[in-house]
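What follows is a set of notes on a single structure, which appears directly below.
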Amino acid sequence: KNKLKISFCLLLFTLSILKANAQIISTRFEGGVKPSDWTIENLTSNWHFQNGGYKPPSTSYNHPSTAYSGSYNAMFISNGITTVTSKLYTPKMDLRNVVKPVLTFAHAQELRSINDKLRVYYRTSPTSAWVQIEEYIYATVGWVQRQTILPNAAKTQYCQIAFEGV
């Protein structure tokens, strides 16, 4: 089966996309930096690339304590004073011949006084509007694996997937 596989953590993620067991794209954020072919929309300082999740002030631990896999992950965090949104999105992917693209990701969303939210989108070209396919508003206990079948409309030559932190 042709599969699209992405790992994410609201606070963190790893990406690999599979087509008939052949890898189309793989990203694990190793090195602690944004991959050069990924884009941050609304450039903010809210996306971080580190090992594990948010570290509250005056504590010695992160939530969660480590990346889902590998040594680094992507993390979005807002200060809670003002609403900040920012998308981190993939390079263009050709999904035209993928029979059943499945988005799989691991997501961690720690309970805070004001919860961050994670929204997942796709778009069919670099100039088309983003279409929301998932929204996660509740805290998780550690990492949770999620799966979503991408709609047929996403099976284009220029599909992109975006993770929006709110």
Side-chain angles (χ1 to χ4, degrees), residues 2-18 24-25 27-29 34-35 37-50 52-56 62-64 66-69 72-93 95 98 100-156 158-166:
N2 296 328
K3 287 187 177 181
L4 169 71
K5 181 180 179 181
I6 297 179
S7 300
F8 181 91
C9 23
L10 163 84
L11 309 163
L12 326 130
F13 62 99
T14 303
L15 167 85
S16 72
I17 297 176
L18 305 175
I24 295 174
I25 186 174
T27 304
R28 290 180 43 189
F29 302 105
K34 177 188 73 65
D37 54 352
W38 282 61
T39 303
I40 295 175
E41 185 178 87
N42 300 332
L43 286 174
T44 67
S45 60
N46 297 78
W47 284 103
H48 304 273
F49 302 89
Q50 65 183 49
Y54 175 66
K55 182 178 180 282
N62 295 17
H63 296 275
T66 61
Y68 179 70
S69 66
Y72 292 90
N73 49 253
M75 176 181 77
F76 176 86
I77 189 162
S78 64
N79 62 17
I81 297 168
T82 59
T83 301
V84 174
T85 64
S86 180
K87 289 181 179 72
L88 174 65
Y89 59 92
T90 66
K92 295 176 284 190
M93 300 173 285
L95 301 181
V98 178
K100 183 180 177 183
V102 177
L103 174 66
T104 303
F105 60 94
H107 160 238
Q109 190 164 319
E110 294 295 322
L111 180 62
R112 298 181 19 189
S113 58
I114 300 173
N115 264 359
D116 294 328
K117 297 179 182 83
L118 170 65
R119 294 181 183 135
V120 182
Y121 299 83
Y122 77 91
R123 70 178 176 187
T124 57
S125 78
T127 58
S128 64
W130 290 105
V131 178
Q132 185 176 323
I133 52 176
E134 293 290 348
E135 180 177 46
Y136 301 97
I137 60 173
Y138 299 109
T140 65
V141 177
W143 292 99
V144 175
Q145 195 163 43
R146 315 272 191 194
Q147 277 198 336
T148 300
I149 298 171
L150 294 177
N152 285 334
K155 295 174 11 177
T156 68
Y158 303 108
C159 183
Q160 291 178 292
I161 303 294
F163 299 93
E164 180 181 59
V166 179

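In this chain, numbering begins with 1 at the start of the sequence shown. Just so it is clear, the values below take in all heavy atoms, side chains as well, and ignore hydrogens, waters and symmetry mates.
Residues passing the salt bridge (Lys or Arg N to Asp or Glu O under 4.0 Å) test with Lys155: none are found, sequence neighbours excluded. Residues passing the side chain to side chain contact (heavy atoms under 4.5 Å, CB included) test with Ser128 are Arg123, Thr124, Ser125, sequence neighbours excluded. Under the salt bridge (Lys or Arg N to Asp or Glu O under 4.0 Å) criterion, Glu134 pairs with no residue at all, not counting sequence neighbours. Looking at residues two or more places apart in sequence or on another chain, you find a side chain to side chain contact (heavy atoms under 4.5 Å, CB included) between Glu135 and Lys117, Arg119, Gln132, Ile137. Tyr89 meets the ring pair (Phe, Tyr, Trp, His ring centres under 6.0 Å) test with Trp130; sequence neighbours excluded.
With values rounded to the nearest 0.5 angstrom, Glu164 atom CD is found 4.0 Å from Lys87 atom NZ. With rounding to the nearest 0.5 angstrom, the CD1 atom of Ile161 is 4.5 Å from the CG atom of Leu150. The OH atom of Tyr122 lies 11.0 Å from the CG atom of Leu95; values are rounded to the nearest 0.5 Å. Between His48 atom NE2 and Phe29 atom CZ the span is 14.0 Å, to the nearest 0.5 Å. The distance from atom CD of Gln109 to atom CG of Leu118, rounded to the nearest 0.5 Å, is 6.5 Å.
Here the shortest heavy-atom pairing between Thr140 and Ala108 reads OG1-CA, 3.5 Å. For the residue pair Ser86 and Phe76, the shortest heavy atom distance occurs at CB-CE1, 4.0 Å.
Phe49 is listed as a side-chain neighbour of Leu88, based on a closest heavy-atom distance under 4.5 Å. Val120 has its side chain out of reach of Thr148: every pair of non-hydrogen atoms, C-beta onward, lies at least 4.5 Å apart.
Outside the 6.0 Å centre-distance limit, the rings of Trp47 and Phe163 are not counted as a close aromatic pair.
Sparse packing is recorded around OH of Tyr158, with 12 or fewer heavy atoms of other residues, nucleotides or ligands lying under 6.0 Å away.
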